[in-house]
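The block underneath contains the structure these notes are about, expressed in structure tokens.
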Amino acid sequence: MFDFLDLDRYDLFGAFWTTVQLTVFSAIGSLILGTLLAAMRVSPVPVMRAFGTAYVHIFRNTPLTLIIVACSQLLALTLGMTMWADVGTDTMGFRLAVLGFVVYTSTFVCEAVRSGINTVPVGQAEAARALGLSFAQVLTMIVLPQAFRSVVAPLANVLIALTKNTTVAAAIGVSEAALLMRDMIEQEAQLVPIATLFAFGFIVLTLPTGLLLGRLSKRVAVKR
Amino acid sequence: MSDVSLTKDFADAAPPAGDLVVLDSVNKHFGALHVLQDINLTIRRGEVVVVIGPSGSGKSTLCRAINRLETIDDGAISIDGEPLPEEGRELARLRADVGMVFQSFNLFAHKTVLQNVTLGPIKVRRKSRADAEERARALLDRVGVGNQADKYPAQLSGGQQQRVAIARALAMEPKVMLFDEPTSALDPEMINEVLEVMQQLAREGMTMIVVTHEMGFARSAANRVVFMADGRIVEEADPHQFFDNPRSDRAKDFLSKILQH
């Protein structure tokens, strides 16, 4: 029944590898941007707080497909932003997709980190301020390390959602797993086995991530 | 054990005279509640001032206002001649000179006892790690928790945690120490170990402002007792005079309620 699986013709592992790369680069980018946004949302500067809040509300409530297509159509085709890649290549599409995922996923990272910040008792920051640490020092040395430890599990959820969301990159022709699946279904006309195969592929990617981070979450939890 | 002083700098030199902390007509509101009403208070170098009063009288707010953990609406606070800055670097620099001990200890939960005590000296005072650790171990020995240096706060008893918190504040070599109800969250048998450390500090000449319900400590360690009620300083007196012969009715009423049992 798996005679459709012609690995010479369909680069199954290559496609999933692209999915993994999309996930990893987007995860790193959105962790960084999301943490910066969370820092803005708790900062004493009203303009920064307003910017962080506006950013999160706008991009969290925009459909991901819209963001990804906008990256391709608006940024690349209209504004000529090619992300330092040759126009029209797979590399350009890949980078634009990562940009879109970072823009979108960072909002969820921000909210997860912010909820983590809220779990840190206010006395921790007060004690740090009383020692003479600056706002940035209080945040990076005392509050964020404790905040991250309490949100490993929610961040794992964001990461798993991101892994599956990368399939949207097919909309702008990035040759990741979902695009190959569409191609194979068209060529082979065996919808159920092909869909099952790809679903299984995603489970292989996400299940260990969830289990591993779930365990990590318990290990790093701050005891009070 | 080496006789490392808790307050090296103060013990050696005779405390220079002068006003260290000055509060001038300080007012603060929490919404409609006027929590600090025209507070005038001067604390001289080397003086131990104990602030007592019923709950909600503004004692803690007063204590927290001195290093600007609470902002004030008007009036002025100055420390060692410098007015308290509004925000930013200047405020951080000033806070480094003011040690603070909280009711709920507030030790950094993700750092070991030793890291708690060395963080300020390393990051704020820019001391080398080796110097900071040496001083931290000496201070931890002095407050009696030297053997707990590598544990995390959650592994210590409340009394031990509070003594670490005192060591953490002392590691900054502060000009003045603020104690915001340091024994209120402790089990009765742990209160004394903390009070003893504070008594010792007082004897060594540290300038201290202590908000507490421990009348015994106020009697034996304070140079002056400040009695607050409803956001005002009602009475300021020598401890013996205050406890044996309070002048105001409010203080008489308060003392009659707490000293009966």
Side-chain angles (χ1 to χ4, degrees), chain A residues 31 35 38-50 112-155 213 215-224, chain B residues 60 63-64 66-71 85-111 115-126 151-156 161 164-165 168-174 176-180 185:
Chain A
L31 271 175
T35 307
M40 284 182 177
R41 293 203 67 177
V42 299
S43 91
V45 185
V47 178
M48 289 181 118
R49 278 205 305 272
V113 171
R114 203 162 65 92
S115 75
I117 290 174
N118 287 335
T119 69
V120 181
V122 66
Q124 295 282 309
E126 283 187 346
R129 282 155 67 203
L131 282 179
L133 295 172
S134 66
F135 172 77
Q137 286 177 317
V138 175
L139 200 64
T140 55
M141 292 172 194
I142 305 299
V143 178
L144 283 179
Q146 295 187 51
F148 272 114
R149 284 154 188 254
S150 64
V151 293
V152 173
L155 283 178
L213 289 177
R215 205 172 284 175
L216 181 72
S217 158
K218 286 196 188 99
R219 243 209 8 234
V220 300
V222 181
K223 290 171 191 69
R224 298 197 190 280
Chain B
S60 283
C63 187
R64 291 162 55 84
I66 293 173
N67 68 355
R68 217 184 153 83
L69 285 179
E70 298 285 353
T71 55
E86 290 263 307
E87 270 303 329
R89 257 173 224 290
E90 285 301 295
L91 178 62
R93 195 175 55 77
L94 194 128
R95 276 175 175 155
D97 287 336
V98 179
M100 176 121 190
V101 175
F102 300 85
Q103 180 176 348
S104 49
F105 329 132
N106 294 350
L107 292 179
F108 306 131
H110 64 307
K111 292 187 177 290
Q115 289 169 337
N116 263 277
V117 182
T118 55
L119 183 77
I122 293 172
K123 298 296 179 189
V124 178
R125 297 283 192 224
R126 303 279 165 202
K151 290 192 181 168
Y152 285 89
Q155 297 169 290
L156 269 55
Q161 289 192 49
V164 173
R168 175 175 70 179
L170 289 174
M172 298 298 287
E173 294 171 4
V176 52
M177 288 277 286
L178 308 174
F179 292 85
D180 184 8

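Chain letters run A, B, ... following the sequence lines, proteins first, then strands; residues in each count from 1.
When heavy atoms are compared at a cutoff of 4.5 Å, B/L119 approaches chain A solely by way of its side chain, counted from C-beta outward. Heavy atoms of A/A125 lying under 4.5 Å from chain B are absent altogether.
Other residues, nucleotides and ligands place no more than 12 heavy atoms under 6.0 Å from the CZ atom of A/R215.
Residues A/I117 and A/A147 approach most closely at N-CB, 3.5 Å, considering heavy atoms. Nearest heavy-atom pair, B/P174 versus B/G99, reported as atom, atom and distance to 0.1 Å: CB-N, 3.4 Å. Across A/L133 and B/V124, no two heavy atoms sit closer than the pair CD2-CG2, 3.5 Å. Of all non-hydrogen atoms in A/A39 and A/L139, the two that sit nearest each other are CB-CD2, 3.5 Å. B/P153 approaches B/A109 most closely through the heavy-atom pair CD-O, 4.1 Å.
Among B/A171, B/A96, B/A169, the residue with the largest count of heavy-atom pairs under 4.5 Å with chain A is B/A96. Contacts with chain B were tallied for A/V222, A/V122, A/I142; A/I142 has the most, counting heavy-atom pairs under 4.5 Å.
Atom CG of residue B/L107 and atom CZ of residue B/F102 lie 10.5 Å apart, to the nearest 0.5 angstrom. Distance check: A/L155 CG to A/L213 CG gives 8.5 Å after rounding to the nearest 0.5 Å.
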Interchain donor-acceptor contacts below 3.5 Å (chain A, chain B):
residue: A/G123; atom: O; partner: B/N106; partner atom: ND2; Å: 3.2
residue: A/Q124; atom: OE1; partner: B/A109; partner atom: N; Å: 3.3
residue: A/Q124; atom: NE2; partner: B/L107; partner atom: O; Å: 2.7
residue: A/E126; atom: OE1; partner: B/R64; partner atom: NH1; Å: 2.9
residue: A/E126; atom: OE2; partner: B/R64; partner atom: NH1; Å: 3.3
residue: A/E126; atom: OE2; partner: B/R64; partner atom: NH2; Å: 2.6
residue: A/M141; atom: O; partner: B/H110; partner atom: NE2; Å: 2.9
residue: A/Q146; atom: NE2; partner: B/H110; partner atom: ND1; Å: 3.1

